[in-house]
Amino acid sequence: QVQLVESGGGSVQAGGSLRLSCVASGYIASSGCMGWFRQAPGKEREGVATIYSRSADYQIASLSDAVKGRFTIALDSPKNTIYLQMGSLKSEDTAMYYCAARMGLIGCPQDASSYNVWGQGTQVTVSS
């Protein structure tokens with residue numbers, strides 16, 4: 001059974017940083033596409049960052065325009081874990097952040113509807 005478990009959320013002041021972690025079990029994180037998504041109250045779930053990997057040496061990362069230059073996504077293959085390093089946080093980054101995997105499908109889009117395995121989410125709250 002595939003499981004994704006997120007951690008690292010919390011409350012931070014604007015301008016601060018957080019690092020989210022997502023540990024995968026029952027799935028090899030370096031064998032395909034995984035991503036981070038977020039959903040604020042009353043809004044649709046949106047893509048934040050994705051990472052496609054075929055091996056420990058081949059990874060392609062993509063960030064949404066909203067977070068480009070402030071966030072990075074990384075994969076630690078031995079730990080089967082992906083990270084979302086968030087910096088220069090803004091109040092509009094406040095949301096529930098989810099880790100997801102796209103198993104058995106080609107491509108690595110930022111369309112949340114095409115991901116078929118999800119974690120339980122971790123809350124990020126940024127105060128101004």
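Starting from 1, each residue takes its place in the sequence as its number. Quick note: numbers below take in every heavy atom, side chains included, and nothing from hydrogens, waters or symmetry partners.
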What distance do [X] atom [atom1] and [Y] atom [atom2] have between them, rounded to the nearest 0.5 Å?
| X | Y | atom1 | atom2 | answer |
| --- | --- | --- | --- | --- |
| N80 | S25 | CG | OG | 8.0 Å |
| Q59 | I82 | CD | CD1 | 10.5 Å |
| R102 | C33 | CZ | SG | 6.5 Å |
| S91 | Q13 | OG | CD | 12.5 Å |
| K43 | M96 | NZ | CE | 15.5 Å |
| R38 | M86 | CZ | CE | 9.0 Å |

Looking at every heavy atom in both [X] and [Y], which two are closest together, and how far apart are they?
| X | Y | answer |
| --- | --- | --- |
| G26 | V2 | O-CG2, 3.3 Å |
| S53 | A29 | CB-O, 4.4 Å |
| Q123 | A95 | NE2-O, 3.4 Å |
| V124 | G9 | CG2-CA, 4.2 Å |
| A112 | W118 | O-CZ2, 3.3 Å |
| P109 | S114 | CG-OG, 3.4 Å |

Would you say [Y] ends up clustered with [X] if hydrophobic residues are merged whenever their side chains have heavy atoms under 4.5 Å apart, either directly or through other cluster members?
| X | Y | value |
| --- | --- | --- |
| Y52 | V48 | no |
| L18 | F37 | no |
| V117 | I51 | yes |

Verify the neighbour count for atom CG of L105: are there more than 12 heavy atoms of other residues, nucleotides or ligands below 6.0 Å?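 Counting other residues, nucleotides and ligands, CG of L105 exceeds 12 neighbours.
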Tell me, with the steps shown, if Y98 and Y115 meet ring-ring contact (aromatic ring centres under 6.0 Å, His included). CA-CA 11 Å; Y98 298 90; Y115 286 73; over 10 Å; no
Under 3.5 Å: donor-acceptor pair, side chain of E6, backbone of C99: yes
Side chains of residues 70-79: which donor-acceptor pairs under 3.5 Å do they make with residues two or more places apart or in other chains?
from	atom 1	to	atom 2	distance (Å)
R70	NH1	S88	O	3.0
R70	NH1	D93	OD2	2.7
R70	NH2	A66	O	2.9
R70	NH2	D93	OD1	3.0
R70	NH2	D93	OD2	3.4
D76	OD1	K79	N	3.3

Between S30 and R54, is there a side-chain donor-acceptor contact under 3.5 Å, judged purely by atom types and distance? no
So S17 and Q85, do their side chains get closer than 4.5 Å, heavy atoms only?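 When only atoms from C-beta onward are counted, S17 and Q85 do touch, with a gap below 4.5 Å.
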Quick one: are W36 and L20 in side-chain contact, heavy atoms under 4.5 Å? yes
Worked check of side chain to side chain contact (heavy atoms under 4.5 Å, CB included) between L4 and M34: CA-CA 10 Å; L4 303 175; M34 294 187 69; 3.7 Å; yes
Hydrophobic cluster (4.5 angstrom, side-chain heavy atoms) - remaining members for Y83: none
